[in-house]
Amino acid sequence: MTIKEKLAMLEELFEMDEGSLSAEMVLDELEQWDSMAKLSLIVLMDDEFGKELSGDQIKKFVKIQDVLDFMG
C-alpha cells in the first residue's frame, strides 16, 4: 500500500477532502482529531492492518507521519 493510499484512508476516516492531508501535518491542529477519530483509527488499524492500537500509543502520535509509520 502506498503512502497516497494510506493518506486517502485517513482522509476518509476524518471525513476530509481528498488530497487535504500530508505526512507533516500535526494531529492536534486538525479539528477532526477528536475522540471519535481516535476510536475510528483503532478500528481501522485492526480491520485493515491487523494491528492493535492502544490509547497510550495514540497519545504518542504527533504528526500524520506517526500514524503512517504505525500502519507499516
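- Lys63 meets the salt bridge (Lys or Arg N to Asp or Glu O under 4.0 Å) test with Glu24; sequence neighbours excluded.
- Leu68 places a side-chain heavy atom less than 4.5 Å from the side chain of Leu10.
- Formation of a donor-acceptor pair under 3.5 Å by the Asp34 side chain with backbone atoms of Ala37 is found in this model.
- You'll find the side chain of Phe61 reaches within 4.5 Å of the side chain of Phe70, heavy atoms only.
- Nearest heavy atom pair, residue Ser22 against residue Ile64, reads O-CB, 3.3 Å.
- Other residues, nucleotides and ligands contribute more than 12 heavy atoms inside 6.0 Å of the CD atom of Glu5.
- The backbone N or O of Leu21 lies less than 3.5 Å from a partner atom in the side chain of Glu11, making a donor-acceptor pair.
- Side-chain atoms of Lys38 do not come within 3.5 Å of backbone N or O of Trp33 as any donor-acceptor pair.
- Here the options are Val62, Val67, Ile58, the test is side chain to side chain contact (heavy atoms under 4.5 Å, CB included), and the partner is Leu27; only Val67 passes.
- Side-chain atoms of Ser20 never come within 3.5 Å of backbone atoms of Met16 as a donor-acceptor pair (strictly under, hydrogens ignored).
- Looking at Glu52, its side chain never comes within 3.5 Å of a backbone N or O of Asp46 through a donor-acceptor pair.
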Test log, rule side chain to side chain contact (heavy atoms under 4.5 Å, CB included), inputs Met71 and Leu44: CA-CA 10 Å; Met71 287 174 164; Leu44 174 81; 4.0 Å; yes
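- Although no hydrogens or angles enter the test, the distance criterion places no donor-acceptor pair under 3.5 Å between the side chain of Glu12 and the main chain of Met9.
- Panel note: side chain Glu48, backbone Met45; no donor-acceptor pair is recorded below 3.5 Å.
- Hydrophobic clustering places Leu30 together with Ile3 (ILVMFWY residues linked when any side-chain heavy atoms are closer than 4.5 Å, directly or through intermediates).
- Here the straight-line distance linking atom OG of Ser40 with atom CD of Glu15 works out to 8.5 Å at 0.5 Å rounding.
- In the displayed structure, Met1 atom CE is contacted under 6.0 Å by more than 12 heavy atoms of other residues, nucleotides or ligands.
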